[in-house]
Amino acid sequence: MTPGENNSLEEAGQLDLYRIELESFQGPLDLLLHLIKKNELDIYDIPIAEISKQYLSYLEVMRELNLDVASEFLVMASTLIHMKSRMLLPSDEEEEEEEEGEDPREELIRRLLEYQKYKTAAEELGSRPALGRDVFARPEDEVTSPGEDTYIEATMFQLMDALQRVIDEADKRKPHEVTRETYTIDEGIGHIESLIAEKGSIRFGDLFSGQESRRQIVTIFLGVLELIKKGRISAVQEEQCAPLRIIPVPGTEPVSDTGAGGGQVSGEETTDDGG
Amino acid sequence: MMEDRNKALIEAMLFASSSPLGIDTIHQIAGLDKERVREILNILAREYESQERGMVLKEVAAGFQLRTPPEFSAQIGKMHQARPRRRLSRSALETLAIIAYRQPVTRTEIEQIRGVDSGAVMKTLMSQNMVRILGRKEAPGRPMLYGTTRVFLEYFELRDLESLPTLEEITDLGEELDEGIWGAGEGETDISEEDV
């Protein structure tokens, strides 16, 4: 997604041409762990039906965002569905169960625990003082900027949770919305950047005035992803459980390379923002 | 008197070196016994520590290096801001963790644990010299075996791989973390509308 591609974007003005992949976007195991933690479930006794439902609704949101849903996510979806059906089998098939000898969830639990171990190890590594960021030595070739060390970077899943909440709110307010499909991602980006320019940093929820259509919300969200990907903003938390905030990345200029319309916000659609 | 000059010499070498200095190297260049070198390094490390200087002497990647203390990261970072380096991504950290603990390890083994394709992130880590090829596995297809590098140890201020916490310790740590998060309240991304 180089700035040069924006023209075609603007004229297309539709989301399905726009695919975004985020680094922070981990795999299906990460998503499952997220759901387990979020619902405070026991990893050794996962309610497969409930987890499958939530897992699939996540894939739905990803699809709605036109995120590249990697095939691994789909494989996991079918594994979950298969597991669910096996667990629904009537218990008079005991014989067979004894033969197979184990809970259909066992393999998944083993994988989740294994993955979680390395995920924690990765967090532990990430918390060590990093050369060129936290500590410095006589430089060989490169040195770095400090980054936002006091913040916790939000995960893709947390962003999607936040998005879902905004969408749910919007759905509650306007069950029958009439949409105008004229809102482009560039406009979304302009909207975000003008808010950040004005306020310094902003809560994720405040990116939306509450008046947007579902389509506009998604477009603004795609703008957030795009700006994160370009390294201009970060989605962070001040601590665990704190609301998501959007902060500018120090040392980057607000966008003016998104084509002529970069900084401008489409008049009738968004300027009525209360904030 | 002579001892002071030896200490000054080793300090000078540490100051002028852009990579951690091994005891062997100092021994060869300074012409001092290895035991003596280690003693002096220990004295220097204690001095930097106790005098709260702008540098600390750290043992990293089987050598010794003068580094700034973490408390000045913001200011030193600002000084270097013209050439920012991005922090490691989650996927890079995850892949590195698996390689660090499982090496020598194949890409397939890494991907089995992570549950996602890891080709791109491996390539990045290779280009950053965090990861290297150790050889090939005696198995069908003779897949490459990967391991971490000296750059990896330097980056994370590790003396050697043994100074990483064990996976058992990691698991306990993970449980503590989880309890902490779970205990703190419902939902980890609570963005309620009230507290603007």
Side-chain angles (χ1 to χ4, degrees), chain A residues 23-30 37-38 40 70 72 76 111 114-126 128-140 142-147 149 153-155 157-158 161-162 165 169 203-206 231 237 240-244 250-251, chain B residues 15-19 58 65-70 72-74 76-78 80-81 83-91 93-94 96-98 100-101 113-117 154-158 164-165 167 170-171 173-174 177-178 180-182 184-193 195-196:
Chain A
E23 259 191 330
S24 56
F25 201 119
Q26 304 295 314
L29 295 172
D30 201 18
K37 196 184 270 183
K38 184 176 148 196
E40 299 181 35
E72 294 97 349
M76 180 59 76
R111 287 187 67 194
E114 177 87 343
Y115 173 70
Q116 189 175 42
K117 204 162 60 179
Y118 289 102
K119 194 183 158 179
T120 313
E123 282 160 14
E124 170 67 16
L125 266 188
R128 295 190 64 85
L131 181 63
R133 194 184 78 215
D134 307 310
V135 296
F136 297 82
R138 177 169 293 278
E140 251 166 305
E142 49 185 356
V143 280
T144 75
S145 74
D149 287 310
E153 246 171 286
T155 66
F157 300 130
Q158 290 174 323
D161 279 343
R165 243 165 290 202
E169 279 302 304
R203 280 168 36 121
F204 179 83
D206 294 339
Q237 290 168 289
Q240 298 284 1
C241 305
L244 293 189
Chain B
F15 171 74
S17 171
S18 62
S19 56
K58 285 280 173 186
Q65 189 171 42
L66 291 172
R67 294 187 162 196
T68 60
F72 299 134
S73 64
I76 309 294
K78 203 172 271 176
H80 285 320
Q81 209 171 25
R83 295 181 290 165
R85 178 162 93 188
R86 296 192 71 172
R87 51 174 56 220
L88 285 175
S89 68
R90 258 171 245 273
S91 46
L93 285 172
E94 234 175 72
L96 270 177
I98 294 170
Y101 283 97
I113 294 172
R114 296 190 61 221
V116 287
D117 181 278
E154 286 181 24
Y155 183 86
F156 289 108
E157 209 165 273
L158 288 162
L164 281 170
L167 281 176
I170 290 282
T171 311
L173 182 74
L177 285 179
D178 282 350
I181 293 163
W182 291 6
E186 74 280 20
E188 51 174 339
T189 58
D190 191 11
I191 57 156
S192 51
E193 301 259 317
D195 50 342
V196 184

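Below, chains carry the letters A, B, ... as their sequence lines are ordered, and counting in each starts from 1.
Note that Arg114(B) lies outside the cation-pi zone of Tyr118(A), set by a 6.0 Å cut-off to the ring centre and a 45° limit from the axis.
Surrounding NZ of Lys58(B) are at most 12 heavy atoms belonging to other residues, nucleotides or ligands under 6.0 Å away.
Heavy atoms closer than 4.5 Å to chain B are found in both the backbone and the side chain of Leu125(A). With a 4.5 angstrom heavy-atom cutoff, Pro70(B) touches chain A via backbone and side-chain atoms both. Neither the backbone nor the side chain of Ala100(B) has a heavy atom closer than 4.5 Å to any heavy atom of chain A.
Distance CG/Leu29(A) to CD/Glu94(B): 9.0 Å, rounded to 0.5 Å. Taking CZ of Arg128(A) as the start and CG of Leu93(B) as the end, the distance is 12.5 Å to the nearest 0.5 Å. In this structure, CG in Leu88(B) is found 7.5 Å from CZ in Arg133(A), a value given to the nearest 0.5 Å.
Residue Arg138(A) forms a side-chain contact (heavy atoms from CB on, under 4.5 Å) with just one option from Ser17(B), Ser18(B), Ser19(B), and that option is Ser18(B).
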Review point. Going through the distances and angles, do Thr68(B) and Asp134(A) end up as a side chain to side chain contact (heavy atoms under 4.5 Å, CB included)?
Key: CA-CA 8 Å; Thr68(B) 60; Asp134(A) 307 310; over 6 Å; no
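Counting heavy-atom pairs closer than 4.5 Å to chain A, the top residue among Tyr101(B), Phe156(B), Phe15(B), Phe72(B) is Phe156(B). When each of Glu157(B), Arg67(B), Gln65(B) is scored by its heavy-atom pairs under 4.5 Å with chain A, the top score falls to Arg67(B).
Considering only heavy atoms from C-beta on, Glu124(A) comes within 4.5 Å of Pro165(B) through its side chain.
Closest approach of Ala137(A) and Leu66(B) over heavy atoms only: CB-O, 3.6 Å. Across Ile170(B) and Lys117(A), no two heavy atoms sit closer than the pair CG2-O, 3.4 Å. Taking both residues in full, the closest heavy atoms of Pro28(A) and Gly115(B) are given as CD-O, 3.7 Å, listed atom of the first, atom of the second, then distance.
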